[in-house]
**Student:** 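Sharing a structure with you now.
The residues of the chain are indexed from 1 along the displayed sequence. Indexing begins at 1, ligand by ligand and atom by atom, following the structure's order.
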Amino acid sequence: MRAEKLSKKFGDTYIFKNIDLEFKQGKIYSIFGRNGVGKTTLLNVLNGTLASDGGEIYDAEKVILLEDNELPFEFMTANEFIDTTFTFKNQKIDLQEKEKLFKQLHFQPENKIIKDFSKGMKSKLCIIIALLSKPQVLLLDEPFSDIDVVSFGEITEILKHKKKEMQIIFSTHVSKIAFELSDDIMYLKENQALFFENNFRKADELESYILKKMSSVDSNVSLLSE
Ligand SMILES: Nc1ncnc2c1ncn2[C@@H]1O[C@H](COP(=O)(O)OP(=O)(O)OP(=O)(O)O)[C@@H](O)[C@H]1O
């Protein structure tokens with residue numbers, strides 16, 4: 001997926017203007033940026049939920065955005081919800097894959113209805129549905145906030161495996177998550193998207209780098225050239 005001169009404004013205020021993006025096949029990307037810089041807005045524009053105010057997006061077929069874990073139909077069980085979702089999408093469920101994901105994630109909802117799920121269970125159900133949908137591009141907005149350390153490890157393994165089949169792009173504020181999971185990192189600042197490789201030796205190094213970027217307001221120096 002890539003975009004050229006992408007812009008989005010609310011009212012008269014541009015959130016970002018003329019940014020160029022390129023997400024390469026087979027890589028997982030994390031998106032960093034200060035609060036309110038426009039990460040969620042960008043993901044929604046890439047997903048098509050929000051219209052852009054200029055620019056073009058390319059190679060954006062079958063994009064899914066996982067945004068929060070507020071699930072509708074809380075009176076359903078996980079299986080009922082999955083069945084309903086895929087009936088609505090008119091897509092067949094890969095039952096073998098479903099069983100595999102339940103096992104890999106130790107997701108055992110039994111006959112509980114969604115209303116009685118923990119936040120982590122809701123997150124897992126959302127991730128399972130997203131993966132079963134077999135998107136070409138999977139966008140995730142701060143996906144791991146309710147996930148425990150063990151489950152994070154399990155999800156990380158699954159996503160690293162899935163990156164062969166789909167592009168995975170997620171926003172986060174947590175350096176450790178970006179360090180563990182992403183191949184490349186995008187730093188969003190006003191009117192600029194800076195890409196760099198995750199070739200740090202430790203999460204702390206990545207964190208210091210990001211902090212430096214956050215404090216260097218409007219530095220025009222490319223991260224790649226440093
Ligand atoms: N529907 C909307 N109408 C007007 N302004 C909006 C709307 N949605 C978002 N904004 C504004 O756009 C800006 C970017 O918001 P966005 O949620 O994309 O930032 P973010 O980088 O994801 O922030 P955070 O890290 O805090 O989650 C903010 O100033 C926000 O108030």
**Student:** Which donor-acceptor pairs under 3.5 Å do the side chains of residues 4-13 make with protein atoms, sequence neighbours left out?
**Tutor:**
| residue | atom | partner | partner atom | Å |
| --- | --- | --- | --- | --- |
| Glu4 | OE2 | Arg2 | NH1 | 2.9 |
| Ser7 | OG | Asn18 | N | 2.9 |
| Lys8 | NZ | Ala51 | O | 2.8 |

**Student:** Ignoring hydrogens and geometry beyond distance, is a side-chain donor-acceptor pair present between Asp141 and Ser171 at under 3.5 Å?
**Tutor:** yes
**Student:** Tell me, which protein residue and heavy-atom name are nearest atom 25 (O) of ligand 1, and how many Å apart are they?
**Tutor:** Lys39 NZ, 2.7 Å
**Student:** Please could you name the atoms of ligand 1 that His173 approaches to less than 4.0 Å, counting only its heavy atoms?
**Tutor:** 25 (O)
**Student:** Below 3.5 Å, N or O to N or O, backbone or side chain included: is there any such pair between Gly33 and ligand 1?
**Tutor:** no
**Student:** Give me the residue, atom name and distance of the protein heavy atom closest to atom 12 (O) of ligand 1.
**Tutor:** Ile15 CD1, 3.3 Å
**Student:** Show the atoms of ligand 1 that are less than 4.0 angstrom away from any heavy atom in Arg34.
**Tutor:** 21 (O)
**Student:** Could you check atom 17 (O) of ligand 1 against the protein and tell me its nearest heavy-atom contact, residue, atom and distance included?
**Tutor:** Thr40 CB, 3.6 Å
**Student:** Does a side-chain N-to-carboxylate-O contact under 4.0 Å join Glu157 and Lys163?
**Tutor:** no
**Student:** If we ignore hydrogens and angles and just use 3.5 Å, is the side chain of Glu207 paired with the main-chain N or O of Ala203 as donor and acceptor?
**Tutor:** no
**Student:** Counting both backbone and side chain atoms, is some N or O of Phe10 under 3.5 Å from an N or O of ligand 1?
**Tutor:** no
**Student:** Can you check whether Thr49's main-chain N or O pairs, donor with acceptor, with Asn44's side chain at less than 3.5 Å?
**Tutor:** no
**Student:** Counting non-hydrogen protein atoms only, what is the nearest one to atom 15 (O) of ligand 1? Give residue, atom name and distance.
**Tutor:** Thr41 OG1, 3.7 Å
**Student:** Can any side-chain N or O of Thr84 pair as donor or acceptor with the backbone N or O of Glu80 at less than 3.5 Å?
**Tutor:** yes
**Student:** Give the residue and atom name of whichever protein heavy atom lies nearest to atom 27 (O) of ligand 1, and the separation in Å to one decimal.
**Tutor:** Glu142 OE2, 3.6 Å
**Student:** Out of curiosity, does Tyr58 fall in the hydrophobic cluster containing Leu21 (side-chain heavy atoms, cut-off under 4.5 Å, transitive links)?
**Tutor:** no
**Student:** Please state which protein non-hydrogen atom is closest to atom 26 (O) of ligand 1 and give its distance, to 0.1 Å?
**Tutor:** Asn35 ND2, 3.0 Å
**Student:** Assess the side chains of Gln136 and Asp59: does a donor N or O sit below 3.5 Å from an acceptor N or O?
**Tutor:** no
**Student:** Could you tell me whether atom 31 (O) of ligand 1 has a protein heavy atom closer than 4.0 Å?
**Tutor:** no
**Student:** Please list the nearest protein heavy atom to atom 13 (C) of ligand 1 with its residue and the distance rounded to 0.1 Å.
**Tutor:** Gly36 O, 3.5 Å
